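Order of appearance sets the numbers: ligands from 1, and atoms from 1 within every ligand. What you are looking at is a predicted structure, and each value in this text was computed from that prediction instead of being measured.
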Amino acid sequence: MVDAMCSQAKLNMPWHYHPLLMLDVGDHLLCVICGLPGGYGYCCPRCRMMVHEKCVSVFDSPEITHHFHAGHSLKLLTQGAPEYTDATCHVCGKHVGNFLYHCDICKFNLDMVCVVQYHKHHKLIPVELSNMKVHEHTLTLIPKLISFVCDACGTKGDRSPYVCLECNLMFFHQKCAHLPRVINVNRHDHRVSYKYPLGRGEWRCGVCLEDIDWSYGAYSCSDCPNYAIHSRCATGDDVWDGKSLMEYLKKSKTSSHSR
Ligand SMILES: [Zn+2]
Ligand SMILES: [Zn+2]
Ligand SMILES: [Zn+2]
Ligand SMILES: [Zn+2]
Ligand SMILES: [Zn+2]
Ligand SMILES: [Zn+2]
Ligand SMILES: [Zn+2]
Ligand SMILES: [Zn+2]
């Protein structure tokens, strides 16, 4: 590998301060953009950093327009987020590395992972969601820092919720927008289903035993009128197996409950 480095011409790229080499690093280094093991790409021996050639195509322009920030163009920063921001991506919430796109008018950060998703059309965080279980209308991503209370779980969020533009004031965490309708939980004998709002009453969560605010979404049992679980508690890894039950199971309720 050292021999290969010496014979290579050095490349100066706008997105890195040191001269770079094009070479195959095998799986010694992870690509700083996609996080996958190296192979062929740009490599900085000084920083022990590598970037795939295909991943780096997002750097083609020091300024891009992006659907996550439609109002202004975003500028490439290569030395981390400015000190006046919180150094996280304002869409996905992850810590930004050295490379990010930024709007200095809005102080908006977008990490390379979110930029690359868009460029590859992976759309892991779609701008619109429809046919979701938590709400009957199409939900739209609001990609910015904004304080809200999630209607599906009743807890606070600080960035990039999905909202219903038709109902105006419905907010959802990105995660909560994907909540399932009917699930089995290991804390209760019957299946529980998502209900919004939970409905007037004094409710105590069957998992954490804390109060549940009835004006938000929660999971309840149709057989036990007083049983409910917080949305977050019902879908925790140690409570729910991750499987969403099909709607038709509701109809076969009588037979399955005769066990
Ligand atoms: Zn890559
Ligand atoms: Zn370097
Ligand atoms: Zn992100
Ligand atoms: Zn802006
Ligand atoms: Zn939520
Ligand atoms: Zn709506
Ligand atoms: Zn709970
Ligand atoms: Zn029950």
List the steps and the verdict of ring pair (Phe, Tyr, Trp, His ring centres under 6.0 Å) for Tyr84 and His102. CA-CA 12 Å; Tyr84 57 76; His102 181 73; 5.7 Å; yes

Cut-off 3.5 Å, side chains only: do Ser73 and Glu63 have a donor facing an acceptor? yes

If you take all heavy atoms of Val239 and Ala234, which pair is closest and at what distance? CG1-O, 3.7 Å

Do we see a donor-acceptor contact under 3.5 Å between the side chains of Asn184 and His188? no

If you measure only the distance, is there a donor-acceptor pair under 3.5 Å linking the side chains of Ser215 and Arg200? no

Which N/O/S atom belongs to His72 and is the closest one to the Zn ion (ligand 4)? ND1

Before moving on, can you tell me the angle at the Zn ion (ligand 2) between the SG atom of Cys44 and the ND1 atom of His18, to the nearest 10 degrees? 110°

Just checking His190 against Tyr227, ring centres under 6.0 Å apart? no

Proximal protein heteroatoms (N, O or S) of the Zn ion (ligand 3), under 2.8 Å: Cys89 SG, Cys92 SG, Asp111 OD1, Cys114 SG

Lys/Arg N to Asp/Glu carboxylate O, Lys107 vs Asp86, below 4.0 Å: no

N/O/S atom name from His69 that is nearest to the position of the Zn ion (ligand 4): NE2

